[in-house]
Amino acid sequence: MFDAKKLEQIAKQIHESMPAPVKDLGSDVNKKVQQVIQGQLNKLDVVSREEFDVQTQVLLRTRQKLNELEAKFAEIEKKFNNQK
């Protein structure tokens with residue numbers, strides 16, 4: 001769901017900001033930081049960028065259809081009122 005490269009980059013930044021003795025523990029710390037970040041991100045109620053983009057397109061199409069239906073309804077309503 002989340003970009004692995006971004007997650008790795010964040011973990012690397014956190015790892016680099018740690019004190020030297022902690023950094024010396026090696027890649028285990030880096031992997032653990034990645035796991036913690038991934039775990040916390042998974043707890044959030046978020047969607048991927050791709051899913052967001054798809055839903056945005058669906059919303060735009062729905063909005064367009066709604067506008068078309070509103071225009072048709074207004075036309076029918078106008079005809080109905082003219083017949084009275």
Please collect all salt bridge (Lys or Arg N to Asp or Glu O under 4.0 Å) contacts where either partner lies in residues 72-81, sequence neighbours excluded, each pair once. E75-K79
Nearest 0.5 Å, what's the CG-CZ distance between L66 and R61?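 Answer rounded to 0.5 Å: 15.0 Å.
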I need the E68 CD to E70 CD distance, nearest 0.5 Å.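 Nearest 0.5 Å value for the CD-CD distance: 11.0 Å.
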Linked, directly or transitively: L60 and F52 (ILVMFWY side chains, under 4.5 Å): no
Would a hydrophobic clustering, with Ile, Leu, Val, Met, Phe, Trp and Tyr connected at side-chain separations under 4.5 Å, put I37 with L44? yes
N42 and Q38: side chain donor to acceptor below 3.5 Å: yes
